[in-house]
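Below is one structure, written out as structure tokens; the observations come after it.
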Amino acid sequence: MRIRLPQYTGKDYVVLAIIVVPYTILLNSVILGREYFNSASVFIISSLITALTHVVYFVACGAVAIIMKSRFSGEPQAWVRLGAMIFTFLLISGFYLLFLFWIMGKLGFMQNDHVENAFIWAYIGQAILNIFITFLMEGIARYENWKANFAESGLLRHTYHQSQLQGLKSQVNPHFLFNSLNSLSSLISEDEEQAEQFLNEMSQVYRYMLRNEEDPLVTVETELKFLQSYLYLLNARYGNSIQMQMDVNVAAAVKFLAPLSLQVIVENAYTLNAFSKKSPLLLQIFSVEDDCILVKNNIQPKVLTEPMDFESGLDNLVTKYRLMNQPPIQITEDENERVIRIPLIARKEEVLL
């Protein structure tokens, strides 16, 4: 069975280990005077006695401090707690020194002519040390509480951000799925070979969409390959009304971004804009200085028959990058063109919550 000694802070016995030797030497030099250093046996025996009794005294004061902490808890009662602790420690110090002087006298180590003077100086020194140690321990306790609260708030913040990110995971658009199945149904009756190709591309698209639950980041190259399959499904439905140009250099292709980032932007573009063979929607995706991807599209506003929150996917993407502590996604727009700048992530380790 382990004995748990009282601890006001996690550093109580580190402090004890630091002070016990100099404390023992100073206190014995006050109590015994020159006799302490004149005899090796007196030096060794008195040092052991003082050190051992001081350990017991220190543990007792620690127990008192814990009681005071429980009785006068909270910031408003901090000074009451410190005052009560110091007052109690001074009382205990008096009994401790009386006991120590009695032992030294019984062993014949003390000179009777300077006992009273030695006791006064020993008590003053003990009082100063008590006050210093009390404030030191209170400071350590406050630092440990701050550190624990900071770690706890960091954990809560991490958990909160993770839950928010989970809520922002891109979900399969049910309308897109329904339209893709309709396109597949039409192709089966018209062109079986093209239907097989469409089914292959559709399976890749939905496999990628579902897999993004597992990894917070993908390479730009992986995202672009997915986007080509996604564009194939769009072209099967809309023909060449949606056109896409890609120009991403090798250095940018191996960097990372959140999965489905480009898909969200493309979906937002074709949802908000009107397009036809004569006036196609043109999307341009290219790298800039290896640290970002720009996505441009021409603006041809669609006439909406009913209000819908078409910007929610893009808003979620912006929020996702903020939660991942990354540079913000920048969106600029004029009458003719929208440009979205996505910062690239060099290493997965850069994503911190």
Nearest 0.5 Å, please: how far is [atom2] in [Y] from [atom1] in [X]?
| X | Y | atom1 | atom2 | answer |
| --- | --- | --- | --- | --- |
| H54 | L100 | NE2 | CG | 11.0 Å |
| F135 | I140 | CZ | CD1 | 14.0 Å |
| K296 | L282 | NZ | CG | 10.5 Å |
| L227 | L260 | CG | CG | 10.0 Å |

Heavy-atom distance under 4.5 Å between the side chains of [X] and [Y], does that happen here?
| X | Y | result |
| --- | --- | --- |
| I340 | L294 | no |
| L314 | I331 | yes |
| I329 | P343 | yes |
| L27 | L97 | yes |
| L233 | E201 | yes |
| L234 | Y270 | yes |
| N298 | Q300 | yes |
| D12 | L16 | no |

[Y] backbone acceptor or donor facing [X] side chain under 3.5 Å:
| X | Y | answer |
| --- | --- | --- |
| D291 | L344 | no |
| N200 | E196 | no |
| Y321 | A258 | yes |
| T271 | E267 | yes |
| S279 | F275 | no |
| K255 | D290 | yes |
| S261 | L257 | no |
| T50 | S46 | yes |

If you count every heavy atom of other residues, nucleotides or ligands that lies below 6.0 Å from K11 atom NZ, does the total exceed 12? no
Is it the case that more than 12 heavy atoms not belonging to N240 sit under 6.0 Å from its CG atom? no
From I86, L82, L136, residue fulfilling side-chain contact (heavy atoms from CB on, under 4.5 Å) relative to I131: I86
Which word best sums up how the rings of F43 and F37 line up, parallel for under 30°, tilted for 30 to 60°, or perpendicular for over 60°? tilted
Over 60° means perpendicular and under 30° means parallel, so tell me whether Y232 and F198 are parallel, tilted or perpendicular. tilted
Taking [Y] as the starting point, is it possible to reach [X] by hopping between hydrophobic residues whose side chains are less than 4.5 Å apart?
| X | Y | answer |
| --- | --- | --- |
| M202 | Y238 | yes |
| L107 | W102 | yes |
| V339 | M246 | no |
| I92 | L90 | yes |

List the steps and the verdict of salt bridge (Lys or Arg N to Asp or Glu O under 4.0 Å) for R81 and E138. CA-CA 10 Å; R81 178 174 66 251; E138 184 67 19; 2.7 Å; yes
Worked verdict on T9 versus Y143 for side-chain hydrogen bond (donor to acceptor under 3.5 Å, both in side chains): CA-CA 10 Å; T9 75; Y143 172 74; over 6 Å; no
Closest non-hydrogen atoms of Q263 and E223, given as atom of the first, atom of the second and distance, are N-OE2, 3.7 Å
What pairs of donor and acceptor atoms, side-chain ones from residues 57-65 against any protein atom, are under 3.5 angstrom apart with sequence neighbours left out?
{"from": "Y57", "atom 1": "OH", "to": "S93", "atom 2": "OG", "distance (Å)": "2.6"}
{"from": "Y57", "atom 1": "OH", "to": "Q126", "atom 2": "NE2", "distance (Å)": "3.2"}
{"from": "Y57", "atom 1": "OH", "to": "N130", "atom 2": "OD1", "distance (Å)": "2.7"}
{"from": "Y57", "atom 1": "OH", "to": "N130", "atom 2": "ND2", "distance (Å)": "3.0"}

Verify the distance criterion only: is there a donor paired with an acceptor across the side chains of N273 and R338 at less than 3.5 Å? no
Looking only at the side chains, is there a donor atom on one of S47 and Y36 sitting less than 3.5 Å from an acceptor on the other? yes
